[in-house]
Amino acid sequence: PIVLGCLQDPVALAILEAAGTELRKLCEIAIHKAGLPKPRCSYAGGVAAHPVIQKFIGISFHEPAGPPEEGAILLAQSMG
């Protein structure tokens, strides 16, 4: 509800748009560094989970396969 209320305020809207642009740049850097032609992008955390923020980021996100803790465990196990 708070994010939707911000869409009515031009200053808040400009901040959300700028934040979305910066988050998209971070996503694009991560995608480039992964070196995969069509990586599956999932959000982690509450910010990118909000549909309005996803719209500002401009990337189609998939639901995460599991909680972040599960990913951390899998990564730790793969590292030996």
Side-chain angles (χ1 to χ4, degrees):
I2 294 172
V3 173
L4 295 177
C6 292
L7 299 178
Q8 307 304 318
D9 180 354
V11 174
L13 182 59
I15 291 169
L16 287 173
E17 289 173 342
T21 298
E22 292 303 313
L23 290 170
R24 181 179 178 87
K25 287 178 187 176
L26 290 173
C27 290
E28 289 171 343
I29 289 168
I31 290 167
H32 177 73
K33 285 188 174 195
L36 301 171
K38 294 178 98 177
R40 178 184 169 98
C41 295
S42 297
Y43 55 82
V47 175
H50 197 288
V52 172
I53 300 300
Q54 287 182 11
K55 179 182 171 211
F56 285 118
I57 295 172
I59 293 176
S60 296
F61 288 97
H62 295 274
E63 289 287 325
E69 298 83 5
E70 184 178 323
I73 291 168
L74 292 172
L75 178 61
Q77 288 174 341
S78 73
M79 298 175 86

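Bear in mind that the values here come from a model prediction, so they are computed numbers and not experimental data. Below, all heavy atoms of this structure are taken into account, side chains as well, without hydrogens, waters or symmetry copies.
Rounded to the nearest 0.5 angstrom, Ile73 CD1 and Gln77 CD are separated by 7.0 Å. Taking CG of Leu26 as the start and OG1 of Thr21 as the end, the distance is 11.0 Å to the nearest 0.5 Å. To the nearest 0.5 Å, atom SG of residue Cys41 and atom NE2 of residue His62 are 7.0 Å apart. In this structure, Phe56 CZ and Ile15 CD1 are separated by 11.5 Å, a value rounded to the nearest 0.5 Å.
Remark: of the listed residues Leu36, Ile29, Ile31, Ile29 is the sole one forming a side-chain contact (heavy atoms from CB on, under 4.5 Å) with Lys33.
The number of heavy atoms from other shown groups lying within 6.0 Å of NE2 (His32) does not exceed 12.
Looking at every heavy atom in both residues, Phe61 comes nearest to Ser42 through CD2-C, 3.8 Å. A pairwise comparison of heavy atoms in Ile59 and Arg24 identifies CG1-NH1, 3.1 Å as the closest pair.
Salt bridge annotation for Glu28-Lys25: absent, with no cationic side-chain nitrogen under 4.0 angstrom from a carboxylate oxygen.
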